[in-house]
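Quick caveat: nothing in here was measured; it's all calculated off a predicted structure.
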Amino acid sequence: MNIIEIKNLSKVYDEKTIPVYALNGVDLAFKQGEFTSIVGPSGSGKTTMLNMLGGLDTPSGGKIMIDGTDITGLKSRQLIDFRMRNIGFVFQSFNLIPVLTAKENVEFIMQLQGVDREQRDKRTLELLQSVGLGEKINTRPNKLSGGQQQRVAVARALASKPKFILADEPTANLDSKSAENLLEIMEKLNREENITFIFSTHDSRVVAKARRVVTLEDGKIVSDVSKN
Amino acid sequence: MIFKIAFKNVWRNKVRSLIVITAITLGLAGGILTVSVITGMVEQKVRSGINNEVAHIQLHNPEFLKNYESRYTIPRADSIARIISGVSSVKAVCLRSRLTGMAASPNSATGVQILGVDPAAEKNVFTLYKAIPDSAGGFFTGSRKNLVVIGRKLADKLKVRLKSKIVLRFQNPDGNLTEAAFSVNGIFQSANTMFDEINVFIKKTDLDRVTEMDNGIQEIALIANDNSNIPLVKAALKSKFPGLLVQDWSEIRPDMGMVTTAIAIEVYVILGIILFALAFGIVNTMLMIVFERTRELGMLMAVGMSKSRVFRMIMLETIFLTIIGGIAGMAVSATLVSVFHSYGIDLSAFSKGLGAFGFDPKIYPFIKPELYINLSIMIILTGILSAVMPARKALQLKPVEAIRIE
Ligand SMILES: Nc1ncnc2c1ncn2[C@@H]1O[C@H](COP(=O)(O)OP(=O)(O)O)[C@@H](O)[C@H]1O
Ligand SMILES: [Mg+2]
């Protein structure tokens with residue numbers, strides 16, 4: 001069963017002046033439990049595609065079906081709610097609320113979802129332990145390293161029990177050791193808890209960890225390789 | 001939770017928040033101090049007006065007030081005074097003869113109001129006797145006859161001192177002119193130089209002796225045991241004595257009543273203008289904050305924070321900032337006002353001008369407690385109004401654009 005189906009997706013920026021075809025007729029499907037990397041040179045449309053998938057931006061054409069719902073038809077208010085309940089996000093930076101501790105950052109989405117306190121406490125602790133930050137629950141982001149911050153972001157993304165996690169260049173600001181560490185954690189969560197990860201990168205060592213690699217060039221898919 | 005984040009956000013950039021809070025504090029302190037000086041001044045003017053000049057309530061023959069003709073007396077004043085003393089909430093009553101006349105010294109002469117009083121009763125109603133400095137005699141001390149107590153301004157005008165003789169010339173209720181010499185027993189100095197210039201006090205017993213007749217009572221003055229009981233007492237007296245004119249201090253001295261009302265409004269105008277000015281600073285700071293946090297706000301919206309929550313968060317942050325400044329401002333002001341209140345501010349450098357309007361040169365600033373309540377409401381409103389624009393700005397952010405990394 002596919003959890004995401006993209007049909008003939010296109011995105012044109014600056015349509016009226018000098019049109020930029022960031023995505024150009026993309027067809028793609030993702031299954032539950034994938035660990036997929038979107039690769040391609042800078043400007044190839046990776047961010048654009050992840051933003052469309054995450055409902056952060058509206059396509060110029062095509063459809064995005066998530067679990068049977070066409071999200072391109074949702075209103076912005078519905079979309080916010082949809083994102084909160086179905087999609088976990090990890091960005092390149094500025095993932096966390098600086099005034100909140102690691103625990104509070106992870107808890108935040110659950111609070112938005114109205115999860116009760118006891119459950120929140122339990123799950124927050126589990127998640128932070130699973131990303132190796134059980135010791136840092138009361139630490140604020142500015143006292144954490146870049147890699148640790150990204151791990152909190154992964155825990156935060158998981159907190160809402162999303163259907164899948166989108167990560168746009170999550171390792172771009174990390175040194176290679178932290179990048180490797182983050183990928184190992186993501187891989188472990190994928191393996192042990194069957195969590196679907198879709199992440200973009202142009203770091204070849206990160207690409208090497210992916211089980212499926214989708215390559216974009218000029219807004220088109222030029223290859224789609226699955227390893228076993 | 002939005003609450004908590006908003007509150008913590010206030011302290012993110014401590015220096016900037018402290019600058020805003022300090023600005024609010026200083027603005028409010030300036031405003032409140034100004035207001036406290038004005039309030040103190042007016043309260044003192046009104047209080048000294050009541051205590052030295054008019055008391056709480058006065059009764060007259062309605063005809064008397066038309067031209068101050070002394071023949072319009074209050075009939076059976078003694079028994080009226082006894083009845084008044086029995087009215088509940090009345091603290092003290094006194095009876096006065098009030099005649100128009102002239103005061104003359106070898107140097108000069110001037111028109112005056114002559115008040116024939118019973119010193120003991122007078123002291124129960126008026127505190128004018130306290131306005132006589134130690135070096136300036138007393139309020140009918142000693143047992144000598146024909147003593148007069150006058151104001152400093154009149155003494156200066158007539159160029160007389162303690163124990164000097166002055167001649168009082170006046171028309172009796174029956175129309176005859178009387179002239180008699182009096183010795184200056186005390187010189188009072190109230191806050192109102194105009195009052196000091198035209199009022200001359202003698203004992204009613206002396207007055208009646210030198211005129212060889214009873215001059216009658218033209219004026220009954222009384223005080224209630226509390227300001228708040230004035231309307232009550234006034235109403236009671238009105239119904240008891242329909243033939244007399246019963247007036248409270250604000251009717252007798254409309255200038256004093258008006259200044260009280262005018263000041264009550266002015267106070268809020270001053271504070272309103274200050275808060276309005278501060279609002280600009282707050283709006284500006286919050287717009288800067290929203291601009292700086294573009295990415296963070298974009299991230300929050302991306303991960304599922306609804307627009308209304310983002311709006312509320314910025315609103316709350318602005319309101320918190322304003323309220324913290326407001327509390328600091330009011331605390332600092334309350335402290336300063338109480339310090340100034342206990343020491344008083346001496347404006348005697350400008351007092352010549354002030355005295356002419358009945359203002360005391362030494363001011364004891366003070367703030368009515370209810371002002372802090374109303375001001376708190378005004379501060380919260382300022383916070384809310386200042387918050388709208390920045391919060392709307394935050395709503396215009398689109399998550400993709402906010403988090404885009406170029
Ligand atoms: N908001 C935008 N306005 C105009 N052009 C844009 C915008 N966002 C992206 N693009 C263009 O779309 C193309 C794809 O960009 P992007 O999806 O960011 O690529 P990648 O993430 O692979 O580097 C690029 O040519 C980029 O310049
Ligand atoms: Mg990109």
For the CG atom on A:N8, are there more than 12 heavy atoms of other groups (residues, nucleotides or ligands in this structure) within a distance under 6.0 Å? yes
B:K393, NZ atom: more than 12 neighbouring heavy atoms under 6.0 Å: no
A:Y21, OH: over 12 other non-hydrogen atoms inside 6.0 angstrom: no
With a 4.5 Å cut-off on heavy-atom pairs, point out which of A:G88, A:G55, A:G54, A:P98 contacts chain B the most. A:P98
Enumerate by number any residue of residues 12-22 of chain B whose heavy atoms lie under 4.5 Å from heavy atoms of chain A; in the absence of such residues, state 'none'. B:R12
Quick check: are there more than 12 heavy atoms from other residues, nucleotides or ligands sitting under 6.0 Å from OH of B:Y372? yes
If you count heavy atoms of other groups shown closer than 6.0 angstrom to CZ of B:F291, is the number above 12? no
Residues from residues 298-309 of chain B approaching chain A under 4.5 Å (heavy atoms): B:M299, B:L300, B:M301, B:A302, B:V303, B:G304, B:M305, B:S306, B:K307, B:R309
With a cut-off of 6.0 Å (strictly less than), are more than 12 heavy atoms of other residues, nucleotides or ligands near CZ of B:F276? no
Counting heavy-atom pairs under 4.5 Å with chain B, which one of A:I87, A:D168, A:N51 comes out on top? A:N51
Just wondering, more than 12 heavy atoms not from A:E118 lying within 6.0 Å of its CD? no
The interface call for A:I109 against chain B, heavy-atom contacts under 4.5 Å, is side chain
Checking A:F108 against B:I5 for the side-chain contact (heavy atoms from CB on, under 4.5 Å) test, could you report, in this order, the C-alpha distance in whole Å, the side-chain angles of both residues, the deciding distance, and whether it holds? CA-CA 10 Å; A:F108 176 67; B:I5 298 176; 3.5 Å; yes
Which residue pairs pass the ring-ring contact (aromatic ring centres under 6.0 Å, His included) test with at least one member in residues 294-328 of chain B, sequence neighbours excluded? B:F3-B:F320, B:F7-B:F320
Please say whether more than 12 non-hydrogen atoms of neighbouring residues, nucleotides or ligands are located less than 6.0 Å from CE in B:M378. yes
Rounded to the nearest 0.5 Å, what separation is found between the CZ atom of B:R295 and the CG atom of A:N95? 12.0 Å
Side chain from CB out, backbone as N, CA, C, O: work out which of these in A:E104 comes under 4.5 Å of a heavy atom of chain B, or both, or neither. side chain
Chain B-proximal positions within residues 76-84 of chain A [heavy-atom distance under 4.5 Å]: A:I80, A:R83, A:M84
